[in-house]
A.B. asks: 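Below is one structure. I have some questions about it.
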Amino acid sequence: MTRVMVVGAKGRVGRCIVAGVEAATDLTLAGVIDLGDDLGAAIASEKPDVAVDFTQPSAVFQNLQTLLARGVHGVVGTTGLAESELVQIDTLAREHNVACMVAPNFALGAVLMMRFAEEAARHFPWVEVVERHHEHKLDAPSGTASVTAQRIARVRAEIPRDPTEKETAPGARGGTIDNVTVHSLRLPGSVAHQEVWFGGTGETLVIRHDTVDRNVFVPGVLVAVRGIAQHSITQPGLVRGLEPILWPQG
Ligand code: NAP
């Protein structure tokens, strides 16, 4: 049995992860932590193998320092870690011989969407990303849209774009990330949605992913927990995204 601690257990995603761990026959819930709890003391008493963190950008780095230094593997959904912090996490995890996965999106469909978009971009030069979220989302574009655009740009050096002088209302043609056009819609009635549109000669290819509730993250988080606990990830250190577990051959 793998012992799993959930940090941010009363949060919107954390609650779903707790229920997912409790329902899994091969996992044991080893501690639920929230703001105000003593993480170090809980690790000493509960002895988790893996800790899942869905907390806040202001909390996650310190939580990880506590976890990794005590030899606990990390699975991190919390956004907002700076690149310099990721480098420090990598060093700390290696020092303590544990793995720490940090993934921008644990929804398996979203991970597949990004992979398929990268593949399609090799064959279709014209591409635009349209993401849609609830009206309370703080950032635009979404982290997933940004990563999708970056990955498309990585496989396609030149992305054609219509002349911007056609834009008579500023912003009508969206923004760009690494030259890829990204449109962000914010509307009540939405959760998290993304379409990647590819245009070719006489054809259109659309790759679409829809999230309807926060349970969407549970299967991917459990894939990560099991992958790390069962040593699919053999190297200690930082693991960026679910991809190394889903596609170990690259
Ligand atoms: P949320 O509802 O605000 O939950 C955060 C929880 O963490 C709250 O219960 C909060 O407690 C707790 N917390 C805050 N500081 C803490 C600390 N120092 N130690 C332990 N617990 C602490 O947020 P959410 O919607 O669940 O999202 C959590 C994070 O995950 C966000 O950064 C979000 O962007 C990210 N996220 C990532 C993915 C992904 O797939 N990677 C998916 C969804 C969300 P209090 O309420 O007492 O402050």
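Note that ligands are numbered from 1 as they come in the structure, with each ligand's atoms numbered from 1 the same way. Just so it is clear, the values below take in all heavy atoms, side chains as well, and ignore hydrogens, waters and symmetry mates. Keep in mind the model is a prediction, meaning the values are calculated, not measured.
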A.B. asks: To the nearest 0.1 Å, how far is atom 33 (C) of ligand 1 from its closest protein heavy atom, and which atom is that?
C.D. replies: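 Heavy-atom neighbour on the protein nearest atom 33 (C) of ligand 1: T79 OG1, 4.0 Å.
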A.B. asks: Ligand 1 and G14, any nitrogen or oxygen pair closer than 3.5 angstrom?
C.D. replies: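 Such a contact does not occur with ligand 1.
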A.B. asks: Is a side-chain donor or acceptor of E131 paired with a backbone partner of A145 at a separation under 3.5 angstrom?
C.D. replies: no
A.B. asks: Using a 3.5 Å distance criterion without hydrogens, assess whether the side chain of H193 forms a donor-acceptor pair with backbone atoms of V191.
C.D. replies: yes
A.B. asks: Quick test: of every protein heavy atom, which one is nearest to atom 4 (O) of ligand 1, and how far off is it to 0.1 Å?
C.D. replies: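 The answer is G11 CA, 3.1 Å.
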A.B. asks: Answer side chain, backbone, both or neither: which part of A107 comes under 4.0 Å from ligand 1, heavy atoms only.
C.D. replies: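 The answer is neither; A107 stays 4.0 Å or more away.
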A.B. asks: Look at atom 19 (N) of ligand 1 and say which protein heavy atom is nearest, naming residue and atom and giving the distance to 0.1 Å.
C.D. replies: N63 ND2, 3.7 Å
A.B. asks: Which of these, D34, T55, V13, has its nearest heavy atom closest to atom 8 (C) of ligand 1?
C.D. replies: D34
A.B. asks: Which protein non-hydrogen atom lies closest to atom 30 (O) of ligand 1, naming both residue and atom, and how far is it?
C.D. replies: F54 CD2, 3.4 Å
A.B. asks: After noting the C-alpha distance and the side-chain angles of E243 and R151, does the key distance pass the salt bridge (charged side-chain N to carboxylate O under 4.0 Å, His left out) rule?
C.D. replies: CA-CA 13 Å; E243 285 80 356; R151 285 178 58 169; 2.9 Å; yes
A.B. asks: If every non-hydrogen atom of P160 is compared with every non-hydrogen atom of P125, which pair is closest and at what distance?
C.D. replies: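 For P160 versus P125, the nearest heavy atoms are CD-O, 3.3 Å.
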A.B. asks: How many angstroms lie between atom CG of L35 and atom CD of Q56, to the nearest 0.5 angstrom?
C.D. replies: 7.0 Å
A.B. asks: Kindly state if atom 46 (O) of ligand 1 has a protein heavy atom within a strict 4.0 Å cut-off, that is, under 4.0 Å?
C.D. replies: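 No.
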A.B. asks: Could you list the atoms of ligand 1 found under 4.0 angstrom from a heavy atom of G77?
C.D. replies: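 This gives 30 (O), 35 (C), 36 (N), 37 (C), 38 (C), 39 (C), 41 (N) as the contact atoms.
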A.B. asks: How far is atom 18 (N) of ligand 1 from its nearest protein heavy atom, and which residue and atom is that?
C.D. replies: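 Among all protein heavy atoms, the one nearest atom 18 (N) of ligand 1 is A59 CB, 3.2 Å.
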A.B. asks: What atoms in ligand 1 come closer than 4.0 Å to a heavy atom of V7?
C.D. replies: 20 (C)
A.B. asks: Heavy atom under 4.0 Å from ligand 1: found in D37's side chain, backbone, both, or neither?
C.D. replies: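 For D37, there is no contact with ligand 1 at all, from either part.
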A.B. asks: R186 and E135: salt bridge (charged side-chain N to carboxylate O under 4.0 Å, His left out), yes or no, with the steps?
C.D. replies: CA-CA 5 Å; R186 294 291 174 266; E135 74 281 22; over 6 Å; no
A.B. asks: Considering heavy atoms of the protein only, find what lies nearest to atom 15 (N) of ligand 1 and give residue, atom and distance to 0.1 Å.
C.D. replies: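 Sorting protein heavy atoms by distance from atom 15 (N) of ligand 1 puts L35 CD1, 3.4 Å first.
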A.B. asks: Checking a contact table here: which protein heavy atom is nearest atom 39 (C) of ligand 1, and how many Å away?
C.D. replies: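 In this structure, atom 39 (C) of ligand 1 has P104 O, 3.6 Å as its nearest protein heavy atom.
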A.B. asks: Kindly confirm or rule out an N or O of F106 lying under 3.5 angstrom from an N or O of ligand 1.
C.D. replies: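 By distance alone, the answer is yes.
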A.B. asks: Does R173 come within less than 4.0 Å of D162, counting only side-chain N to carboxylate O?
C.D. replies: yes
A.B. asks: Do you see a donor-acceptor pair shorter than 3.5 Å between the side chains of N105 and T144?
C.D. replies: yes
A.B. asks: Quiz question: by atom type and distance under 3.5 Å, do the side chains of E128 and H183 form a donor-acceptor pair?
C.D. replies: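 Distance-only check passes for E128 and H183.
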A.B. asks: Answer with yes or no whether the side chains of R226 and T2 bring together a donor and an acceptor at under 3.5 Å.
C.D. replies: no
A.B. asks: Starting from atom 25 (O) of ligand 1, find the nearest protein heavy-atom neighbour and note its residue, name and distance.
C.D. replies: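 Protein heavy atom with the smallest distance to atom 25 (O) of ligand 1: R12 NE, 3.2 Å.
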